[in-house]
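In what follows, a single structure is set out as structure tokens and then discussed.
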Amino acid sequence: MDDRGLVRPVQWFGSWRGRREPSARGGAGTAAGASRGERARTPGAAVGAEPSDGGGVVRFARSSLRIIVTAGGAVFCGWDGAEPLPSHGLAGSPPERDPRAALEPDTDGGWRVVSERVTVAVSRLGAVEFRTPGGVVLRRELPPRWWEPVDGGPGRWLLRSEVAADARVFGWGGRAEGVRLREARLGWADGAAGGPSPLFGMPVELVVADAGTHLVFHDTARGGRVVVREGEEGAGSGHDRCGTVELRMDGGPLRSWLLVGGPARVLGGFVRLTGAPVLPPAWAFGRHHRFRCEWPVPEERVREAVAGCSARGVPLSAVHLGGSAAHLPQAPEASEAFEASGGSARDAGAVPDAARLAKDLDGVGVRLVWAGAPDGGPEPAARGQGTGVPYGELSARGFAGVVRGPALRDGSGAAVAEVTAVDEARAVREELQAACPEEPPFLATVEGWAGIQRAAAAWVVQDPVQEGWAGLRAALSAVLGLGLCGVPFTGLDVPEAAAPGGSPAGRWRRAAPGASPELALRRLELAAFLPMLRTSGQRAVPGPDGEAVLRERERLVPYLLSSARLARWTGAPMVRPLWWEHPGDRGLRESEDAFLLGDALLVAPVLEPGATRRAVRLPRGRWYSTATACPWEGPGEVVVEAPLGHVPVLARAGSVLPVRAPGGGTEWEVWAPVRGRTGGGLVARDTDGGPADPGIGRYATRWDGDRVVAEWRVGDQRVPVAGPLRVRGDG
């Protein structure tokens, strides 16, 4: 590896905002840095190495780098003596090391570790390259730089990485800025970003390029900043400009995990590192509704709403209470302050006879969920955060689940609040499970860090995302980003349209400015095809168009349950970008306004006002409209009809979906494969099964004369798919 030019560029990054704007924190060589008494350092030249199983340690004049390649192909890099443990992100012990991988001398005084899936090359000055087995460079990390107070205490560091000119960068949590990060400056957890970050800032980066896909998890639980700049390919004889990722962290170990392979492989490997997603109970994939009005919500209103939904055949699985307004009607500013705080567990006591209400609702298939936040205080949330009401007591009061609001920041900076949210969610889950061991608890949170999936689902709330029509794209971006960071179970709030004329309802509800019936319905259309759905407002029964959308979502609940079990088993997100199976398709890498739902469906929501048609870019293969069974061929772009109240949803040819039958129960919806070809995939054979037995089956579809046959593949045998079968599409 050629080291020329590495030392000078790394010296440029003493300022967070670049050379033109001196950093208030004080970069090396600046007046601010001198006044703070900071000392800057880089690794220096390599002076030796110590090989060991799976890699080894490279010694430099002023630092050291430990490299570990695991048996599954994940690569750990830790500077300055950093080890994989202790870690907030990892679930248990690190994976076993690959005994075949070893540190060996490389050219020009460097070192390298060669493994089956990736080669790690370290230059004599501390630059690190990650290469494919064929020698193509996927990522190049320049020598890191540290700034340390001369009188001791935590320092800070900078790591600058380069990726291919054609690479596209995704991830970094559930972000409103866009699932694809072009020219992005992101930050989290230090209070300067404006308080709690409900969009789940996570140092998890997924890079997709023609040469391959790789994922990097920066396992450092401190406040940080990242600047992402896409590269540019040279035209004609011009030179390529590589993409860059600059990461600054306020202390903590400089360590990371890197995985190489296709999107499914790297996400699966990341979930094996940080923990399998915990599967919510089956009822959680139905429609939830949250009342947002006076508190406590009158019991009669809840019963009337449930009865109204039942009478009209409008699906409803859960009612959320709490954290929406003050205990009694007050001035609007007091109501908004309480709403912002999220309420607390002690407010659950204000629900009159919640246990009896919950029992009655359970008889008609509706659960009670507490939606609130801790009160604050130093104790873990599992002990009630000073409220005197442990979360476990909510089960005794009739609540079947909890949606936790944002944790309070203490300003210490010792660890980001999103990390604290993971620890608290795990403690709350354990208490809920102990209080009601006969069924898995439902727990969701509005913030979290890497590994939150092993404790809770994620809820993207309305106000902190964005308002208006831009909020639709922001919400979709947040959900896609969370999926690419290992969080497959996500939900979206759908507030009702603003009440006209400044009515009391308009005063008590913080509706987004300009929220209209059209915007509210389009948001419902988007949310209805995400893993979890929660409507909110005074009314639980929407208009006719909304009812139709909710009924279609209810029809797909068995498919959502199947996709959820596959997500837990494989680590693949339920909501995926269109390039998921074809990362080499550059056109799909540019698409951010549609998504794949599980293995079989493509959803193209309307994200602009007044639109009744929209263009959809298709992955390769045949796709059918689920509304008309009209076929389209991909790859390519088609224009589909999208009138208000209709979401364009396309089904992959040859797929098998479990869906709700018209008379109740489950039936298999088979979409005909192209004639002369076969279809196939994975599906949960029993959508009523528990998390301990996912019942995953591999199916195949084919034409047999003039009929379509669907079969299970069990070893070398093929067993017909039993049960009600409905074939759609003509192949």
Side-chain angles (χ1 to χ4, degrees), residues 285 315 525 528-529 548-563 566 574 576 578 581 594-605 613-614 616 618-636 638-643 645-687 697-713 718-731:
F285 292 93
E525 292 172 4
F529 293 91
V549 173
L550 292 177
R551 291 190 185 99
E552 176 60 14
R553 190 245 169 42
E554 181 67 17
R555 192 182 76 88
L556 291 175
V557 164
Y559 174 70
L560 293 172
L561 291 171
S562 171
S563 300
L566 285 170
M574 292 180 66
R576 311 166 183 177
L578 295 185
E581 294 182 358
F595 59 92
L596 300 174
L597 178 60
D599 290 335
L601 296 181
L602 189 158
V603 183
R613 309 175 76 200
R614 62 151 295 169
V616 182
L618 301 180
R620 71 184 63 159
R622 177 168 295 179
W623 297 85
Y624 296 98
S625 164
T626 58
T628 65
C630 175
W632 286 285
E633 298 293 335
V638 299
V639 176
V640 297
E641 298 296 322
H646 171 72
V647 185
V649 179
L650 311 180
R652 189 192 307 273
S655 59
V656 175
L657 288 72
V659 298
R660 194 81 75 205
T666 301
E667 69 177 5
W668 298 102
E669 185 172 87
V670 182
W671 288 93
V674 178
R675 290 183 182 270
R677 304 180 190 174
T678 60
L682 298 173
V683 70
R685 298 179 63 169
D686 179 9
T687 55
R698 183 176 296 276
Y699 66 84
T701 55
R702 59 184 175 86
W703 282 93
D704 183 7
D706 291 333
R707 69 189 186 100
V708 174
V709 176
E711 302 167 317
W712 298 115
R713 288 188 173 181
R718 296 192 176 188
V719 180
V721 173
L725 215 69
R726 185 161 66 105
V727 178
R728 301 190 65 188
D730 57 11

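Residue numbers count from 1 along this sequence. Source: prediction; values computed, not measured.
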Rounded to the nearest 0.5 Å, what's the gap from [atom1] on [X] to [atom2] on [Y]? Could you check?
{"X": "R553", "Y": "R660", "atom1": "CZ", "atom2": "CZ", "value": "11.0 Å"}
{"X": "L682", "Y": "S563", "atom1": "CG", "atom2": "OG", "value": "11.0 Å"}
{"X": "S562", "Y": "F285", "atom1": "OG", "atom2": "CZ", "value": "10.5 Å"}
{"X": "R702", "Y": "R707", "atom1": "CZ", "atom2": "CZ", "value": "7.5 Å"}

Check: [Y] main-chain N/O paired with [X] side-chain donor or acceptor under 3.5 Å:
{"X": "T628", "Y": "S625", "answer": "no"}
{"X": "Y699", "Y": "V721", "answer": "no"}
{"X": "R728", "Y": "E669", "answer": "no"}
{"X": "R614", "Y": "P605", "answer": "yes"}

State, yes or no, whether a side-chain contact exists between [X] and [Y] at a heavy-atom distance under 4.5 Å.
{"X": "W671", "Y": "T701", "value": "no"}
{"X": "V683", "Y": "W668", "value": "yes"}
{"X": "E667", "Y": "P558", "value": "no"}
{"X": "L597", "Y": "L560", "value": "yes"}
{"X": "R652", "Y": "D599", "value": "no"}
{"X": "W712", "Y": "R685", "value": "yes"}
{"X": "V659", "Y": "L556", "value": "yes"}
{"X": "Y559", "Y": "L601", "value": "yes"}

Where [X] and [Y] come nearest, the two heavy atoms and their spacing:
{"X": "G729", "Y": "Y624", "value": "CA-CE2, 3.6 Å"}
{"X": "W703", "Y": "D730", "value": "CZ2-O, 3.4 Å"}
{"X": "G634", "Y": "L618", "value": "CA-CB, 4.0 Å"}
{"X": "W632", "Y": "L650", "value": "CZ3-CD2, 3.6 Å"}
{"X": "A700", "Y": "R713", "value": "CB-NE, 3.4 Å"}
{"X": "V549", "Y": "A528", "value": "CG1-CB, 3.6 Å"}

Can we say R555 and E552 salt-bridge, meaning some charged N sits less than 4.0 Å from an Asp/Glu carboxylate O? yes

key: From CA spacing to verdict: side-chain contact (heavy atoms from CB on, under 4.5 Å), H646, E641   = CA-CA 9 Å; H646 171 72; E641 298 296 322; 5.6 Å; no

